[in-house]
Amino acid sequence: MHYFKHIGILLALLIAFSCEERTDQSKSIFVSSPNGNLTVLFELDETDSPSYKVIFGGNTVIDNSSLGFSFEDKEALKDEFKILNSSITSFNENWEMPWGEQLIVENNYNQLKLELQEKSELGRSMNLVFKVYDDGIGFRYEFPEQDNFNEALITEEHTQFNLTEDYKTFWIPGDWDIYEHLYSTTKLSEIDALTYANHPSLAQTYIPENAVNTPVTMVGKDGLHLSIHEAALVDYSGMTLKVDRRNLSFESVLVGSENTTYKVKRSLPFNTPWRTIQIANDAPSLIESNLIVNLNEPNKLGDISWFEPMKYTGVWWEMHLGKSTWDYGMTQSMDTWKDTGNAHGKHGATTANVKRFIDFSAKNNIKGVLVEGWNTGWERWIGFEDREGVFDFITPYPDYDMEEVVSYARSKGVSIIMHHETSSATETYTKQQDTAFALMKHYGMHAVKTGYVGKILPKGEYHHGQYMVNHYNKTVEKAAKYEVAINAHEPIKATGLRRTYPNTISREGLRGQEFNAWSADGGNPPEHLSIVAFTRMLAGPIDFTPGIFDIKFDAYKKENQVNTTLAHQLALYVVIYSPVQMAADLVENYEANPDPLKFIKEVGVDWEETKVLNGEVGDYVTIARKERQTGNWFLGCITDENERSLAIDFDFLDPESSYSVTLYRDGSNAHWNDNPTDIEIEAMTLTKGASLTLQLEAGGGAAMSIIKQN
Ligand code: NOJ
Ligand code: CA
């Protein structure tokens, strides 16, 4: 493979030093990754259209794929280009994550930059930049400042991903309004996104054509693993991928708006987001890849030690179960928001109830308590057209004393996590952000969970279009000024911006635990998280809200349940990464199960190192993470609906230390449906080099705390 590397460098030199002759001769340029195993070939074809090709381990994994744009008011940019200049450079750095799956990230790539210009009279120029890593590639378009082109009204981006095999594909539909769909596993040629249109459990959904959302992950016959996504989505629309089932290819389709005929509007100069392809020989390497964060710019916020990774509990699951409500029950007096005595008595966010969560958290090494339903406006939330001006983010219901709750929490070493459900009324939220974040600052609250349930206001915008991408990003930037970190629900997809704005702590953007409480389709199947780990999780941290112990919750809902074992729920604290990790169940359910609760009490949330020990997309995965500061390890292992046994080698432990270990595993009769709470807890001692076979039952899992003794 070094062959390509050298040819690439040679060609680049030739081009760099002999620009003039170049235009008529070689029109293709190679660049290879640092280890030489991955190569991108850029080409201008017979019509001088730009295209790229990707070769991995000697095999073509992306065949010639076209690149270009169409615009509302101008000719398309797609052919009749010449190469003005090209350059190949190398880059290698280590950078530190303020919080994350690991402390140090290596960022090592070779870059090919092409400066292209149209040969036509317009003579517009456009650059293409490819960054080639050992674990994948990122490329983007750059529109430099120029005389004949000041503003781009992009009606479509035409980036192709021309695949060479009918891959087994793990996908969700290309919904413009939500990512909360179950993953489907089909051949690429059998993707049919439109079957998911109008899902009854979604407050907003729009799937215009047979496209998928990213990350979309594919597995080949010979074990090749690919995942396509994007990085650094800033002032642009989210990209869906339209499926060409016959030609086994994807083409970008940007999310649009009903209010404009174009999909993206930008003044020049600007760059598009990176289009990314992670490439590996096995599934674990996809999770270990840092491609997405590496393609983002370094930290712009500086020190953010005001945010500390934490576990949290909260007034949350009880509303999803119907035990309590977000609203206070002032249905007779919508306009005044005054306490009219119409309280129905089921309101969840009361001072007393929140104190119960604070007490429980303080006792169990959990540093945060989320309070949903504390502010006025919930009476006019889902199902109302006119939602602007309803929520105000500073006015509590009469039974919630914020001052008292906050100081009580502080006295116990716990902090309150704020909640802003915007109901997608974006103008109201934008207007109130300064006041709302200032209130948080006043109370020393450093994290907020935001929510965007319902169709976007202003009407005609979608959650994943340019208008909302800007709303989400501006919210993060504004929050940073008040030392506030954001965990967005119904968000835009994660694209690694947490590197640049590390107050972007977590987000939803998938079918979370809540679907198990109420969805009309039986909840999340046992395989859900073993797909999520290799798809959605490649994009960034997930606020999945694990830890449900009362798996069947028959006292509240007979028709719904969680479709995993209890040990699987524990394993998720390690498998699913987030710097804020919820212990989601009711206090009484934890108190009734003190033994498994010990794992939640002990498990870390901020990691120095992550090792993916094994895994197959959609089947199982085992992840071990080393906690920062303590050097303790935690391990989580989950399986789909199939039982299996997995051999684990503890090579990753420190050779100097011995570890006192607690293993939480499925009991021998455990089964996600028939016997989900059958769990065995065993103590043992381990040292480096030990090995263990873990037996996972159907829908099951295993969790280990591996505490360093010396
Ligand atoms: C949907 C969120 O995903 C959920 O966590 C939250 O409780 C509700 N919206 C209310 O904001
Ligand atoms: Ca949601």
Side-chain angles (χ1 to χ4, degrees), residues 175 177-182 199 201-205 312-328 346-349 353-354 357 368-384 387 390-393 397 400 416-426 428-429 436 447-457 463 472 475 486-494 505-520 523-524 528 532 536 541-548 556-557 560 562 576 578 580-586:
D175 199 315
D177 246 348
I178 200 151
Y179 305 109
E180 297 178 19
H181 289 274
L182 281 179
H199 192 286
S201 296
L202 298 173
Q204 72 278 347
T205 171
Y312 70 100
T313 59
V315 183
W316 179 76
W317 186 237
E318 57 184 78
M319 281 87 93
H320 290 271
L321 290 182
K323 178 189 174 191
S324 68
T325 62
W326 285 275
D327 64 273
Y328 181 73
K346 277 185 81 181
H347 182 222
N353 194 26
V354 174
F357 278 92
V369 174
L370 167 72
V371 184
E372 292 199 7
W374 66 275
N375 61 328
T376 57
W378 291 89
E379 287 75 11
R380 203 155 65 192
W381 176 43
I382 289 187
F384 289 86
R387 286 165 278 121
V390 174
F391 280 117
D392 81 352
F393 315 104
Y397 282 124
Y400 183 63
I416 300 296
I417 299 179
M418 180 44 94
H419 184 237
H420 293 162
E421 173 54 64
T422 68
S423 72
S424 291
T426 61
T428 300
Y429 191 45
V448 58
K449 169 176 168 180
T450 58
Y452 294 84
V453 171
K455 289 204 72 67
I456 298 294
L457 297 175
H463 280 70
Y472 292 115
T475 299
I486 304 274
N487 168 17
H489 278 229
E490 298 78 50
I492 187 63
K493 62 175 100 172
I505 47 176
S506 196
R507 79 188 72 210
E508 191 186 37
L510 87 166
R511 271 185 56 133
Q513 185 86 273
E514 62 189 35
F515 275 76
N516 293 323
W518 41 250
S519 86
N524 302 328
H528 186 53
V532 164
R536 162 68 182 83
I542 306 178
D543 190 32
F544 181 75
T545 68
I548 300 304
Y556 300 102
K557 301 247 184 132
N560 299 87
V562 172
I576 300 302
S578 174
V580 284
Q581 196 72 284
M582 189 171 202
D585 210 341
L586 310 177

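The first residue in the sequence is number 1, and the count goes up from there. No hydrogens, no waters, no symmetry mates; every other heavy atom, side chains included, goes into these values. All ligand and atom numbering here is 1-based and tracks the order in the structure.
- Proximity to V453 (heavy-atom distance under 4.0 Å) selects the following atoms of ligand 1: 1 (C), 9 (N).
- Each of the following atoms of ligand 1 lies closer than 4.0 Å to a heavy atom of E421: 9 (N), 10 (C), 11 (O).
- Listed by number with element, the atoms of ligand 1 under 4.0 Å from a non-hydrogen atom of H489 are 2 (C), 3 (O), 5 (O).
- Residue E180 places no N or O, backbone or side chain, under 3.5 Å from any N or O of ligand 1.
- Residue-level proximity to ligand 1 for M319 is absent, since no heavy atom of it falls below 4.0 angstrom.
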Run W326 and H320 through ring pair (Phe, Tyr, Trp, His ring centres under 6.0 Å) and show every step you take. CA-CA 10 Å; W326 285 275; H320 290 271; 5.1 Å; yes
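- Against a heavy-atom cut-off of under 4.0 Å, K449 is close to the following atoms of ligand 1: 4 (C), 5 (O), 6 (C), 7 (O).
- For ligand 1, the atoms lying closer than 4.0 Å to a non-hydrogen atom of E490 are 1 (C), 2 (C), 3 (O).
- Residue W381 touches ligand 1 through its side chain alone, judged by heavy-atom distances below 4.0 Å.
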Passes side-chain hydrogen bond (donor to acceptor under 3.5 Å, both in side chains), T545 versus Q513? Steps please. CA-CA 6 Å; T545 68; Q513 185 86 273; 5.1 Å; no
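- Not counting sequence neighbours, the partners of F393 by the ring pair (Phe, Tyr, Trp, His ring centres under 6.0 Å) test are H420, Y429.
- Atom CD1 in I548 sits 7.5 Å away from atom CG in L321 (nearest 0.5 Å).
- Ring planes of W378 and W381: perpendicular class, angle over 60° (limits at 30 and 60°).
- For the ligand labelled ligand 1, residue W378 lies inside the 4.0 Å heavy-atom shell.
- Listed by chain and residue number, V453 satisfy the side chain to side chain contact (heavy atoms under 4.5 Å, CB included) test with A203 (two or more places apart in sequence, or in another chain).
- Counting the atoms of ligand 1 from 1 in the order shown, those under 4.0 Å from a heavy atom of E508 are 3 (O).
- Counting the atoms of ligand 1 from 1 in the order shown, those under 4.0 Å from a heavy atom of E514 are 1 (C), 2 (C), 3 (O), 4 (C), 5 (O).
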Applying side-chain contact (heavy atoms from CB on, under 4.5 Å), run through R380 and S423 and close with a yes or a no. CA-CA 9 Å; R380 203 155 65 192; S423 72; over 6 Å; no
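- Using a 4.0 Å cut-off to heavy atoms of H419, the atoms of ligand 1 that qualify are 11 (O).
- The minimum heavy-atom distance between A584 and W316, with the atom names listed, is CB-CZ3, 3.9 Å.
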